[in-house]
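Everything below concerns the one structure shown next.
All ligand and atom numbering here is 1-based and tracks the order in the structure.
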Amino acid sequence: MDTFDAIKTRRAIKKFDNTYKMSDEQVQSLMKLTLLSPTSYNQQNWRFVTVTDQTVKEQIHVAARNQAQPLDGSLVILLCGNMSAWKDDPMRYWKNHPLEKQEHVRDAMHKKYSDSPQNRRDEAMRSCGFAAQTIMLAAKQMGLDSCPMVGFEYDEMAKIINLPDDHIIVMMIVVGKAASPAAERGGQLSLDEVVFENKFD
Ligand SMILES: Cc1cc2nc3c(=O)[nH]c(=O)nc-3n(C[C@H](O)[C@H](O)[C@H](O)COP(=O)(O)O)c2cc1C
């Protein structure tokens with residue numbers, strides 16, 4: 001499948017085939033591809049909780065207000081942001097580059113994030129957003145389907161996955177085989193409404 005087809009055929013699936021199970025290799029390869037997603041300063045501030053255990057999936061299903069996807073999908077991924085990534089041995093993010101570069105990035109990140117919870121949170125949202133799209137498009141290439149989700153009780157979910165204090169949950173993605181196709185698209189806005197040439201009118 002080429003990239004354009006993956007983009008066009010990815011849909012938010014509501015009904016997954018609960019008999020389909022991804023192999024460990026499939027999960028590994030999906031997550032390895034996900035780690036190639038871009039992050040500012042290459043800080044890789046996402047953390048992923050991959051859930052295949054049926055008991056945990058049942059708990060997630062309840063936290064997700066009984067939505068069926070986490071129960072029936074093969075893999076549930078919680079995309080989380082690590083708010084301490086900017087200071088967690090940051091020179092390792094550029095370990096393949098000269099020391100000067102490593103120090104520059106460490107200092108730049110300190111300046112941007114040390115006094116700003118808002119910047120740390122924004123960065124988690126951006127990084128997880130890119131990772132989310134990587135997951136969903138890579139899943140298509142693997143012959144799989146997905147559903148991005150935020151319809152869940154945050155505190156309940158945090159307890160289920162044992163979320164560390166300095167992390168936030170950004171979203172959940174369920175991956176598996178669709179049991180039935182998505183409904184017709186809701187209706188896309190026109191280019192005219194959302195794309196502006198050079199500047200807003
Ligand atoms: C951040 C986010 C959260 C979403 N949460 C849910 C959800 O909790 N349950 C659900 O069924 N769909 C959820 N969706 C799916 C959207 O409704 C769907 O992406 C949108 O209607 C467009 O349809 P498409 O993805 O098939 O193109 C979510 C999508 C996004 C991007």
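Listed here is the closest heavy atom pair of His110 and Ser114: O-OG, 2.6 Å.
Ring-plane geometry between Phe200 and Phe196 is classed as tilted, the angle between the planes lying from 30 to 60 degrees on a 0 to 90 degree scale.
Close approach of ligand 1 to Gln69 is summarised as follows: ligand atoms under 4.0 Å from at least one heavy atom of the residue are 10 (C), 11 (O). Distances below 4.0 Å separate heavy atoms of Lys14 from the following atoms of ligand 1: 10 (C), 11 (O), 12 (N). Contact atoms of ligand 1 toward Arg11: 24 (P), 26 (O), 27 (O) (distance under 4.0 Å to a heavy atom of the residue). The atoms of ligand 1 that sit less than 4.0 Å from any heavy atom of Gly151 are 8 (O). Ligand-side atoms of ligand 1 in range of Arg185: 27 (O), range being under 4.0 angstrom from any heavy atom.
Within the 4.0 angstrom cut-off, atom 22 (C) of ligand 1 has no protein heavy-atom neighbours. Less than 4.0 angstrom separates atom 6 (C) of ligand 1 from at least one non-hydrogen atom of the protein.
Classification of Arg92 and Asp88 as a salt-bridged pair holds, one side-chain N sitting under 4.0 Å from a carboxylate O. Using a 4.0 Å cut-off between charged side-chain N and carboxylate O, Lys140 and Asp145 make a salt bridge. The residues Arg120 and Glu123 are annotated as not salt-bridged, no charged nitrogen and carboxylate oxygen being separated by less than 4.0 angstrom.
Atom CG of Asp165 sits in a sparse spot, with 12 or fewer heavy atoms from other residues, nucleotides or ligands closer than 6.0 Å. Within a 6.0 Å sphere centred on CD of Glu103, other residues, nucleotides and ligands contribute more than 12 heavy atoms.
Taking atom 9 (N) of ligand 1 as the reference point, the nearest protein heavy-atom neighbour is Gln67 OE1, 2.7 Å. Among protein heavy atoms, atom 1 (C) of ligand 1 sits closest to Val150 CG1, 4.0 Å.
Here Ala12 has heavy atoms under 4.0 Å from ligand 1 in both its backbone and its side chain.
Of the possible polar contacts, none joining the Ser116 side chain to the Tyr113 backbone as a donor-acceptor pair under 3.5 Å is found. Looking at Arg185, its side chain never comes within 3.5 Å of a backbone N or O of Ala182 through a donor-acceptor pair.
For Arg10, the heavy-atom gap to ligand 1 drops under 4.0 angstrom. Not a single heavy atom of Met171 sits closer than 4.0 Å to an atom of ligand 1.
At least one N or O atom of Pro148 sits closer than 3.5 Å to an N or O atom of ligand 1.
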